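For reference, the structure is listed below as structure tokens.
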Number of protein chains: 2
Amino acid sequence: MSVTLADVARRAGVSPATASRALGGRPHVAPATRMRVRRAADELNFVVSPEASRLAGGARGRVGVVVPHLAQWSCGAALEGLEPVLRGAGVDLLLYGVGDPAARTAFFADLPARRRVDALVVLGTALDEQERARLELMAVPVVAAAGRGGQPGVRVDEHAAARHAVDHLLHLGHRRIGAVAAAGPPDGVLEAFAAAHRDALHDAGLAHDAGLLVRVGRGAPGAAEGAGRLLGLREPPTAVVASSDEVALGVVRTLGRARLRVPDDVSVVGLGDHPLAEAADLTTVCRPAREQGAEAGRMVLEALAGGAVPTVVLPSRLVVRGSTAPPGRTT
Amino acid sequence: MSVTLADVARRAGVSPATASRALGGRPHVAPATRMRVRRAADELNFVVSPEASRLAGGARGRVGVVVPHLAQWSCGAALEGLEPVLRGAGVDLLLYGVGDPAARTAFFADLPARRRVDALVVLGTALDEQERARLELMAVPVVAAAGRGGQPGVRVDEHAAARHAVDHLLHLGHRRIGAVAAAGPPDGVLEAFAAAHRDALHDAGLAHDAGLLVRVGRGAPGAAEGAGRLLGLREPPTAVVASSDEVALGVVRTLGRARLRVPDDVSVVGLGDHPLAEAADLTTVCRPAREQGAEAGRMVLEALAGGAVPTVVLPSRLVVRGSTAPPGRTT
DNA sequence: TTGAAAGCGCTAACAT
DNA sequence: ATGTTAGCGCTTTCAA
């Protein structure tokens with residue numbers, strides 16, 4: 001049926017063991033022999049069977065990626081960073097979506113990854129105690145990426161990111177700065193956002209005003225509601241920071257409907273540097289999603305090589321675009 | 001080390017063969033025996049080794065997904081549709097990113113999928129002749145999804161989608177309708193877009209005006225340029241249809257900078273129904289990405305079962321939001 | 001219905 | 001440097 005290592009060995013006039021060594025790039029093979037085997041393999045169009053190889057104790061190299069929301073750009077971007085690193089090292093990437101709660105339960109219950117993967121990357125979601133315990137049971141390295149922290153892996157400092165945003169507005173001269181925190185991200189992230197907003201205003205010596213932080217539901221309706229609540233304040237803010245670019249765009253739209261111009265009347269800052277933020281000319285704070293993925297990939301490789309998984313916090317970076325400006329003349 | 005089938009068999013007091021049959025759901029096992037084996041497996045926390053299983057001629061069930069731009073929401077969405085279908089059927093999903101040209105070349109050159117996967121899904125990209133030939137060589141079913149057509153699989157009718165958009169504008173009373181086609185999607189898609197624009201205007205009895213279709217580069221700069229060119233026309237359009245939602249948002253922004261209101265002064269329609277389109281209140285045409293993924297998944301399953309891969313064209317659907325309105329009083 | 005035996009294709013010791 | 005010998009953990013004939 002398909003070409004086997006034995007075929008290649010025969011054609012090259014060596015034993016299967018030597019052929020295996022030669023092809024696998026392992027030592028103790030004469031250069032000439034290696035060449036010969038390589039050529040034979042080429043001619044036969046041979047590719048090792050990963051099953052057989054693994055079964056026989058060879059190639060490690062399969063990592064599972066657990067992702068909640070594939071459609072979310074940040075997950076995709078992280079994957080895009082992760083994939084080449086892993087592939088470059090010859091390890092395969094198995095995808096496990098756990099967006100659906102049922103699927104999530106099933107994943108951790110079936111522990112389907114057991115024996116299927118040599119390591120796991122958990123992308124953009126926090127694991128609860130039970131889930132962590134299940135993973136522990138698998139006895140493979142687990143790298144968290146883009147999560148809220150708490151597990152070894154890579155993430156960004158959410159508090160710092162949000163502060164970049166608020167500080168930018170303060171720096172522009174704004175004194176009434178609203179914040180819209182929309183549900184969606186893991187709790188820890190939202191908390192960091194709220195805290196950063198509070199801290200920044202406090203550090204600027206501004207009186208605390210609980211009304212400036214509004215917590216809303218996810219999606220477009222949430223963003224609209226948030227903007228509406230802020231606008232309805234006795235003294236509406238001259239600038240708004242949103243917990244994500246998605247929310248920020250919703251805020252911009254709601255402002256527009258209220259005949260308020262961005263940034264002339266109100267400045268808006270997002271969080272994340274969504275690909276569309278550039279098109280929408282939205283000032284935002286870049287959370288390097290790709291980089292997080294790539295870093296996670298490197299961590300996996302190290303872990304596979306026997307190392308421990310460290311914790312790395314990547315910096316975020318303010319990206320100033322056209323949705324922010326100094327406060328206008330009137331309020 | 002890890003629990004093997006033999007362990008389970010011993011504990012259940014049967015032979016490995018019977019245990020295998022019982023666990024694998026194959027016939028010729030007494031119900032009572034099957035139960036006993038199942039329980040033993042449970043108690044031992046046993047999971048079959050996929051390598052060994054496959055090697056021994058068991059479970060097929062591993063499909064590769066080839067994706068160019070993971071970070072693009074439509075790819076993510078398609079994956080999100082694809083994954084549960086496949087997982088539900090017990091097949092694993094291997095991810096192969098081919099966004100980077102080098103990676104793409106490497107993928108098709110190494111033919112790494114050979115023997116690694118039992119089927120392939122090609123997401124959102126068109127294969128050239130050579131690539132197709134390489135895949136052919138693998139002798140596994142290939143399902144194209146969200147491509148430009150040409151290969152069996154699932155896609156949407158791009159021409160119809162674009163026409164929905166233009167027809168909507170015509171229906172609102174617009175007579176000068178510009179189109180911004182930004183580079184990015186496979187050629188065929190862009191062609192369909194251009195043709196639909198032309199055809200719709202023609203069918204509406206409007207004189208042909210080549211200036212109304214502008215082709216620009218990708219990204220925010222492209223969108224801005226496109227809007228600018230349209231605005232610079234002797235007789236600027238009262239409505240614009242963009243080749244994607246991303247571009248549409250860029251157009252909206254550029255319009256805003258030119259102090260033109262959407263939809264009061266100019267209507268804008270996007271294409272794709274990007275998740276952010278709702279937040280941005282953008283009228284668009286929904287290309288059901290998730291559905292395409294799910295459909296592709298079903299096709300793979302059928303193909304794995306020995307069926308042929310059909311070609312399915314999914315309908316697109318106009319989603320009217322706040323970025324379109326009848327033409328204003330003045331131009 | 002069940003068991004025994006023979007590999008699947010490869011790699012890792014242990015020779016040579 | 002190369003060959004020989006045993007499996008890896010499972011499924012599948014074939015026999016009982």
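The basis for the numbers below is simple: all heavy atoms, side chains too, and nothing from hydrogens, waters or symmetry mates. Owing to the predicted nature of the structure, the values given are computational and were not obtained by experimental measurement.
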Taking the basic N atoms (NZ, or NE/NH1/NH2) and the acidic carboxylate oxygens, is any pair closer than 4.0 Å for B:D128 and B:R134? no
Hey, could you give me each pair passing side-chain hydrogen bond (donor to acceptor under 3.5 Å, both in side chains) that has a residue in residues 26-41 of chain A? Not counting sequence neighbours. A:S20-A:R26
Residues at least two apart in sequence or cross-chain that pass side-chain contact (heavy atoms from CB on, under 4.5 Å) with B:D42, listed by chain then number, are none
With a sphere of 6.0 Å drawn around CD of A:E43, does it hold more than 12 non-hydrogen atoms of other residues, nucleotides or ligands? yes
Whole angstroms only, please: what is the NE2-C1' distance between A:H28 and D:dT2? 11 Å
Sidechain N-carboxylate O distance under 4.0 Å for A:E295, A:R298: yes
Cationic N near anionic O, under 4.0 Å, B:R290 to B:E83: no
note: B:E51, atom CD; C:dC8, atom C1'; distance rounded to Å ~ 13 Å
Min side-chain heavy-atom separation A:L86-A:V63 under 4.5 Å: yes
Taken in chain and number order and not counting sequence neighbours, the residues that satisfy side-chain contact (heavy atoms from CB on, under 4.5 Å) with B:A19 are B:L5, B:A9, B:V14, B:V37
Whether over 12 other heavy atoms sit under 6.0 Å from B:E302 CD: no
Roughly, in whole Å, what's the span from CG in A:L55 to P in D:dA6? 18 Å
For the helix from C:dT1-D:dA16 to C:dT16-D:dA1, figure out the bend between the end axes, five pairs an end, and round to 10 degrees. 30°
Per B:T4 side chain, nearest of listed nucleotides D:dA1, C:dG3, D:dC10: D:dC10
Round to a whole Å and report the spacing from CZ of A:R10 to P of C:dG9. 12 Å
Any donor-acceptor pair under 3.5 Å linking the side-chain atoms of B:T125 with those of B:R104? yes
Within the 4.0 Å limit for protein heavy atoms, which parts of nucleotides 11-16 of chain D are touched? Write it as a string from 5' to 3', B for base, S for sugar-phosphate only, - for none. BBB---
Heavy atoms within less than 4.0 Å of DNA chain C: which residues of residues 33-42 of chain A have one? Give them sorted by number. none
Salt-bridge contact B:R54-B:D118 (side-chain N to carboxylate O under 4.0 Å): yes
